[in-house]
Amino acid sequence: MAALRYAGLDDTDSEDELPPGWEERTTKDGWVYYANHTEEKTQWEHPKTGKRKRVAGDLPYGWEQETDENGQVFFVDHINKRTTYVDPRLAFTVDDNPTKPTTQQRYDGSTTAMEILQGRDFTGKVVVVTGANSGIGFETAKSFALHGAHVILACRNMARASEAVSRILEEWNTKYHPPPEKCRIKVFD
């Protein structure tokens with residue numbers, strides 16, 4: 001901070017102004033990160049505000065995102081016939097508050113149970129699912145089982161429940177190939 005004060009950059013109208021030696025960049029999927037060229041480090045939080053950001057919306061008309069031979073993302077402005085490594089959407093970033101996501105922003109009517117549970121580990125958790133031999137109950141039971149939960153299928157028909165267990169174990173073995181004892185499912189009549 002003393003260096004900023006010495007350079008006369010500690011008093012600015014913009015809280016988003018980056019300190020000397022910092023650069024704002026974006027990932028392929030629109031998340032903003034910050035490169036500190038002095039310390040040769042990167043971070044997700046803005047160095048002054050501590051906020052996370054993402055770019056808002058699609059690329060402007062006439063722009064295209066490409067990747068070079070080194071895997072670096074660059075942007076092509078077809079209208080002005082130029083390329084740049086700076087995302088043109090950086091001027092329109094929005095704050096991202098990862099601690100308080102709203103359900104309406106993350107999920108909708110087409111969201112699957114697997115998408116909702118993505119990245120979560122339910123190892124050691126016990127889950128009871130009613131109507132687990134078909135429909136939403138089956139998809140929920142399967143999703144919890146594939147995420148490590150000990151799943152109890154509560155069904156009216158024992159034959160259909162056993163068939164549901166077989167289908168879940170078959171998918172487990174097809175996708176994940178670990179021993180079936182890791183996928184624990186019980187059926188009670």
Side-chain angles (χ1 to χ4, degrees), residues 1-123 136 139-140 142-148 171-172 174-178:
M1 195 65 184
L4 290 175
R5 199 174 306 112
Y6 177 78
L9 297 173
D10 62 331
D11 185 26
T12 177
D13 292 339
S14 173
E15 68 174 15
D16 289 336
E17 188 172 329
L18 291 170
W22 285 82
E23 179 186 357
E24 192 174 41
R25 297 180 180 173
T26 58
T27 62
K28 289 180 183 179
D29 53 353
W31 292 102
V32 176
Y33 68 99
Y34 302 91
N36 181 343
H37 294 291
T38 307
E39 297 180 15
E40 297 181 358
K41 294 180 181 178
T42 60
Q43 64 188 45
W44 294 108
E45 296 82 17
H46 190 283
K48 282 187 175 179
T49 65
K51 295 178 182 177
R52 289 183 178 216
K53 293 187 173 191
R54 59 183 170 79
V55 293
D58 297 326
L59 287 168
Y61 175 76
W63 285 82
E64 180 181 11
Q65 181 176 319
E66 294 288 333
T67 307
D68 66 14
E69 60 276 352
N70 298 323
Q72 184 76 23
V73 174
F74 67 96
F75 300 89
V76 180
D77 178 359
H78 292 287
I79 295 171
N80 297 310
K81 300 189 182 347
R82 63 186 179 106
T83 61
T84 179
Y85 285 93
V86 178
D87 190 331
R89 299 171 292 178
L90 278 173
F92 307 103
T93 59
V94 293
D95 289 344
D96 181 65
N97 189 352
T99 57
K100 297 180 183 177
T102 62
T103 305
Q104 291 177 344
Q105 291 176 345
R106 293 181 62 184
Y107 309 115
D108 61 15
S110 64
T111 306
T112 66
M114 289 296 284
E115 291 170 337
I116 291 171
L117 298 179
Q118 182 178 359
R120 295 195 169 100
D121 182 17
F122 287 92
T123 303
I136 293 171
E139 292 299 323
T140 302
K142 176 179 77 171
S143 299
F144 276 117
L146 295 178
H147 282 86
E171 183 164 341
W172 174 271
T174 302
K175 285 187 175 181
Y176 301 100
H177 304 292

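Excluded from the calculations below are hydrogen atoms, water molecules and symmetry mates; all remaining heavy atoms, backbone and side chain alike, are included. Values in this document were obtained by computation on a predicted structure and should not be read as measured data.
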Can you see which heavy atom on [X] is nearest to which on [Y], and at what distance?
| X | Y | value |
| --- | --- | --- |
| H147 | R120 | CD2-O, 3.2 Å |
| L18 | E23 | CD1-C, 3.9 Å |
| F75 | V86 | CD1-O, 3.6 Å |
| E24 | V32 | CG-CG1, 3.5 Å |

What pairs with [X] under side-chain contact (heavy atoms from CB on, under 4.5 Å), at least two apart in sequence or on another chain?
| X | value |
| --- | --- |
| P60 | W63, P88, R89 |
| Y85 | D68, Q72, F74 |
| I136 | T140 |
| T42 | Y33, A35 |

Worksheet item: Does K41 have any salt bridge (Lys or Arg N to Asp or Glu O under 4.0 Å) partners at least two apart in sequence or in another chain, and if so, which?
Response: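 Per chain and number, K41 pairs via salt bridge (Lys or Arg N to Asp or Glu O under 4.0 Å) with E39.
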So N36 and Q43, side chain to side chain contact (heavy atoms under 4.5 Å, CB included) or not? Walk me through it. CA-CA 8 Å; N36 181 343; Q43 64 188 45; over 6 Å; no
Next on the checklist: As an exercise, state the distance from CH2 of W44 to CZ of R54, rounded to the nearest 0.5 Å.
Outcome noted: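 The CZ atom of R54 is 13.5 Å from CH2 of W44, to the nearest 0.5 Å.
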Applying the salt bridge (Lys or Arg N to Asp or Glu O under 4.0 Å) test to E45, which of R52, K51, K53 qualifies?
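Of the listed residues R52, K51, K53, the salt bridge (Lys or Arg N to Asp or Glu O under 4.0 Å) partner of E45 is R52.
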Given side chains that start at C-beta, do those of D87 and L59 come closer than 4.5 Å, heavy atoms only?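 Yes - at least one pair of side-chain heavy atoms lies under 4.5 Å apart.
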Please check if the number of heavy atoms outside E40 that lie under 6.0 Å from its CD is greater than 12.
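No.
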Run the side-chain hydrogen bond (donor to acceptor under 3.5 Å, both in side chains) test against [X] and tell me which residues pass, sequence neighbours left out.
| X | result |
| --- | --- |
| N80 | D77 |
| T93 | none |
| E139 | K142 |
| D121 | T123 |

Item checked: Which residues share a ring-ring contact (aromatic ring centres under 6.0 Å, His included) with Y34, sequence neighbours left out ->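 With neighbours one apart ignored, the set is H46.
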